[in-house]
Colleague: 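Quick one: the structure is below, questions incoming.
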2 protein chains.
Amino acid sequence: MGKKVRGGRLPGFRLRGRIWIEGPDGTFLGYGRVVLLERIRDYGSISAAARSMSMSYRHAWRLVESMNRQGRYPVVEKRTGGRGGGGAVLTETGRHAIASFWKAYHEFREYMLERSAHLDL
Amino acid sequence: MGKKVRGGRLPGFRLRGRIWIEGPDGTFLGYGRVVLLERIRDYGSISAAARSMSMSYRHAWRLVESMNRQGRYPVVEKRTGGRGGGGAVLTETGRHAIASFWKAYHEFREYMLERSAHLDL
DNA sequence: CATCGTTATGCTTTTTGGGGAATAACGGCC
DNA sequence: GGCCGTTATTCCCCAAAAAGCATAACGATG
């Protein structure tokens, strides 16, 4: 009655995955980008956001550029100069993008959790 | 009655994703690895399989090593020397791994297709 | 009008993943 | 026993991605 000779489940193995939103020019939104957007929202500047997640400013800036360029509307509005040197704030589009991504993301986590259960190896 | 000012859907954008099976030492099975296993099954050798997908033998060999080392049982049995120089064949574990992955993979495709439909951006 | 921290951008260095070539060992088969 | 194509492994090189460094430019505020 043992179905197969193979020793059964491999304990340490699990199904993993990731999702992202792709635009005309490659990735538009992914986990890292969304976290970056949230930090920008919380800290009010790209550089502070980058520092807070130990990412280089240059990299963070490029990510924001990529997101802003792809959509019809920018996700981040940037101001140079002025009090405190300037800063950056989320647009309504940006806030909406974050919400959309998290929604898809959490549904996906749910799915993966459920699906991992009947993974037979 | 327009719900929001934002101009509506961004036409070119779509939800994408990928899945893989992770073992104690990183990736155990992914799309590329499974295709490689199938080629090994079809051609009877790692080098022919690698050639058929224009992958370097070195890379293919490493992937096989990674898979073989992680599981309780190897997925590929390799023979050096002999008629035709040797070769490689799938084990029962290997065949089962392929089937398991494709099952999860196709279910996942289904899910993504369905989920992409109500992605609002 | 000098200050200050931020955006903006170019240049150089480091890291990383993989390809290519070279070589040894192997072992049925003629 | 020599041949042959495969497994097994090492060393060097290349390209792409990201980090690090170094400056400009900016503009509200004191």
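Sequence lines set the chain letters: A, B, ... in the order given, protein chains first and strands last, and positions in each chain run from 1.
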Colleague: Please state how far atom NE2 in B:His59 lies from atom P in C:dT16, giving the value in whole angstrom units.
Modeller: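 Atom NE2 in B:His59 sits about 17 Å away from atom P in C:dT16.
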
Colleague: Just the rounded figure in Å: distance from C1' of D:dA18 to OH of A:Tyr57.
Modeller: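 The distance from OH of A:Tyr57 to C1' of D:dA18 comes to 16 Å, rounded to the nearest Å.
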
Colleague: Rounding to an integer number of Å, can you tell me how far A:Arg51 CZ sits from D:dA19 C1'?
Modeller: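 My rounded result for the distance is 16 Å.
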
Colleague: On DNA chain C, compare the nucleotides closest to A:Gly85 and A:Glu65; which residue's is nearer the 5' end?
Modeller: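 The residue whose closest nucleotide sits nearer the 5' end is A:Gly85.
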
Colleague: How are the rings of B:His106 and B:Trp102 set to each other: parallel, tilted or perpendicular (split at 30° and 60°)?
Modeller: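 If you compare the ring of B:His106 with that of B:Trp102, the planes turn out parallel.
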
Colleague: Specify the separation, in whole Å, of atom OH of B:Tyr43 and atom P of D:dT6.
Modeller: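 It is 13 Å, rounded to the nearest whole Å.
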
Colleague: In whole angstroms, how far is the P atom of C:dA8 from the CD1 atom of A:Ile46?
Modeller: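 Spelled out: CD1 on A:Ile46 to P on C:dA8 is 6 Å.
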
Colleague: In terms of the angle between their ring planes, are A:Phe108 and B:Tyr111 parallel, tilted or perpendicular, with boundaries placed at 30° and 60°?
Modeller: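 Rings of A:Phe108 and B:Tyr111: tilted, 30 to 60°.
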
Colleague: For B:Trp61 and D:dT10, give me the distance from atom CH2 to atom C1', rounded to whole Å.
Modeller: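 The answer, rounded to whole Å, is 11 Å.
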
Colleague: Both A:Arg83 and A:Met55 contact DNA chain D. Which one's nearest nucleotide lies toward the 5' end?
Modeller: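 Its nearest nucleotide lies further toward 5', so the answer is A:Met55.
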
Colleague: Search all heavy atoms of A:Leu90 against all heavy atoms of A:Arg41 and return the closest pair with its distance.
Modeller: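 Looks like CD1-CB, 3.6 Å.
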
Colleague: Taking atom types as modelled and ignoring hydrogens, do the side chains of B:Arg39 and B:Ser52 form a donor-acceptor contact shorter than 3.5 angstrom?
Modeller: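 Side-chain D/A pair, B:Arg39 to B:Ser52: present.
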
Colleague: For a quick test of reading the model: is some side-chain N or O of B:Ser56 closer than 4.0 Å to OP1 or OP2 of C:dG19?
Modeller: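 Yes, within the criterion.
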
Colleague: Determine: side-chain N/O of B:Ser45 to OP1/OP2 of D:dG5, distance under 4.0 Å, yes or no.
Modeller: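 Negative; the distance criterion is not met.
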
Colleague: Counting only side-chain nitrogens and oxygens, does A:Ser47 get under 4.0 Å of the OP1 or OP2 atom of C:dG5?
Modeller: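 Looking at the OP1 and OP2 atoms of C:dG5, neither is under 4.0 Å from any side-chain N or O of A:Ser47.
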
Colleague: Rounded to whole Å, how long is the line connecting atom CD1 of B:Ile40 with atom C1' of D:dT7?
Modeller: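 Between C1' of D:dT7 and CD1 of B:Ile40: 12 Å.
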
Colleague: Is the phosphate of D:dA8 approached by B:Lys78 (side-chain N or O, under 4.0 Å from OP1 or OP2)?
Modeller: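 It does, given that an N or O in the side chain of B:Lys78 lies less than 4.0 Å from OP1 or OP2 of D:dA8.
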
Colleague: Using a 4.0 Å heavy-atom cut-off across all strands, classify B:Arg58 as base, sugar-phosphate, or nothing.
Modeller: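 The residue B:Arg58 makes base contact.
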
Colleague: For B:Thr27 and A:Arg16, which I'm curious about, is there any donor-acceptor pair between the side chains at under 3.5 Å?
Modeller: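 B:Thr27 vs A:Arg16: no donor-acceptor pair found between side chains.
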
Colleague: In whole angstrom, give the distance that lies between atom CG of A:Leu63 and atom C1' of D:dA18.
Modeller: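 Value for this atom pair: 11 Å.
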
Colleague: Could you tell me whether B:Arg62 contacts a base, only the sugar-phosphate backbone, or nothing, with contacts defined as non-hydrogen atoms closer than 4.0 Å?
Modeller: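 Result for B:Arg62 = nothing.
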
